[in-house]
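Numbering of residues begins at 1 and proceeds along the displayed sequence.
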Amino acid sequence: DLKILRTEHDAYLNKLTGWDRLFESLAVFGMFFALLALSGFYAYYRETSLLTDFRRFLTVLTLAVATVGLAHLAAGNDIRAELVPLMVFGLTVAIAFHTEIALLLAAELALIVAFTLGHGLGEYVILVSGTSSSILLLGRIRTRSKLILVGLASALVAGATTAGVNVLEHQPLDRFL
């Protein structure tokens, strides 16, 4: 069944004209530009240190690019390993800056990862739920065990979200288990 689906998909891609590919490329560029504008406006009004300190900006940018790359490397299986680099990114930015910028950037990176991996909206929801829960649960780190508890709670949230997404997409729950 998967071979037939892949063959149909390849036939569809071969049928696309140059204009179709151009419009798709422009749409992708527009989406990335909108994400950049959203982040830029937030940084301008709420996180000015990112714009005034080039070293901080370059650090966050490098971390974001590395996160997307690591998520792609980790995405080769069904255990949602691409979630780990996104969570580490979100937690790092939340510790270094503020919760709001961490949520914004993590949600944007989750969209980039889900889109570039060819996933749908359901996968994006799973990535955002796991990452957002870890950022929101972090708060102040008073003990070393707090990060472990945050990771376990986020894993439970991601697992429950995966089950919910599978139900909404009419997928069997054994895909989750």
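The side-chain hydrogen bond (donor to acceptor under 3.5 Å, both in side chains) search around Thr48 returns none, not counting sequence neighbours. A search for side-chain hydrogen bond (donor to acceptor under 3.5 Å, both in side chains) contacts involving Thr62 returns nothing, not counting sequence neighbours.
If you take CG on Leu26 and CD on Glu24, they are separated by 10.5 Å, rounding to the nearest 0.5 Å. Taken from CG in Leu104 to CZ in Arg46, the straight-line distance is 11.5 Å, to the nearest 0.5 Å. Separating the OG1 atom in Thr17 from the CZ atom in Phe23 is a distance of 8.5 Å, to the nearest 0.5 Å. Going from atom OG of Ser154 over to atom CG of Leu147 covers 10.5 Å, rounded to the nearest 0.5 Å. In this structure, CG in Leu86 is found 5.5 Å from CG in Leu127, a value given to the nearest 0.5 Å. Here the CG atom belonging to Leu105 is positioned 4.5 Å from the CZ atom belonging to Phe89, to the nearest 0.5 angstrom.
Placement of Val157 and Val84 in two distinct hydrophobic clusters is found when ILVMFWY residues are connected by side-chain heavy-atom separations under 4.5 Å, directly or transitively. Connection of Phe57 to Leu63 is not established within any shared hydrophobic cluster, with ILVMFWY side chains joined at heavy-atom distances below 4.5 Å, either directly or through further cluster members. Residue Tyr44 is not grouped with residue Leu35 when hydrophobic side chains (ILVMFWY) are merged at heavy-atom distances under 4.5 angstrom, including chains of intermediate members. Tracing side-chain contacts under 4.5 Å through hydrophobic residues (I, L, V, M, F, W, Y), one never reaches Leu70 starting from Leu83; they form parts of separate clusters. In the hydrophobic cluster analysis, where Ile, Leu, Val, Met, Phe, Trp and Tyr join through side-chain heavy atoms closer than 4.5 angstrom, Val113 is grouped together with Val93.
Heavy-atom neighbours of His98 NE2 from other residues, nucleotides or ligands within 6.0 Å: at or below the threshold of 12. Dense packing is recorded around CZ of Phe32, with more than 12 heavy atoms of other residues, nucleotides or ligands lying under 6.0 Å away. Within a 6.0 Å sphere centred on CD of Glu100, heavy atoms belonging to other residues, nucleotides or ligands number more than 12.
Ser39 places no side-chain N or O within donor-acceptor distance of the main-chain N or O of Leu36, the cut-off being under 3.5 Å.
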side-chain contact (heavy atoms from CB on, under 4.5 Å), that's the test. Do Val88 and Thr67 meet it? Break it down for me. CA-CA 8 Å; Val88 170; Thr67 299; over 6 Å; no
Walk me through whether Met31 and Leu111 qualify under side-chain contact (heavy atoms from CB on, under 4.5 Å). CA-CA 10 Å; Met31 181 185 71; Leu111 182 62; 4.0 Å; yes
For side-chain contact (heavy atoms from CB on, under 4.5 Å), just list the numbers for Val60 and Phe97, CA-CA rounded to whole Å, side-chain angles, deciding distance to a tenth of an Å, and then say yes or no. CA-CA 10 Å; Val60 171; Phe97 297 101; 3.3 Å; yes
Stepwise side-chain contact (heavy atoms from CB on, under 4.5 Å) test for Val28 and Phe115: CA-CA 9 Å; Val28 170; Phe115 179 78; 3.3 Å; yes
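For the residue pair Ala74 and Ala81, the shortest heavy atom distance occurs at O-CB, 3.2 Å. Contact record, Ala110 with Val128: CB-CG2, 3.8 Å, taken as the closest heavy-atom pair. Among all heavy-atom pairs drawn from Gly90 and Ala102, the shortest one is O-CB, 3.5 Å. Looking at every heavy atom in both residues, Leu137 comes nearest to Lys146 through O-CE, 3.6 Å. Summarising the geometry of Ile135 relative to Ala106, their closest heavy-atom pair is CD1-CB, 3.9 Å, with the distance given to 0.1 Å. Taking each heavy atom of Glu82 and Ala71 in turn, the nearest pair found is CB-O, 3.4 Å.
No side-chain donor-acceptor contact under 3.5 Å links Thr7 and Asp10.
Residues Tyr124 and His119 are not in side-chain contact: their nearest non-hydrogen atoms beyond the backbone lie 4.5 Å or more apart. Contact of the Leu103 side chain with the Leu136 side chain is registered, since non-hydrogen atoms from C-beta on lie closer than 4.5 Å.
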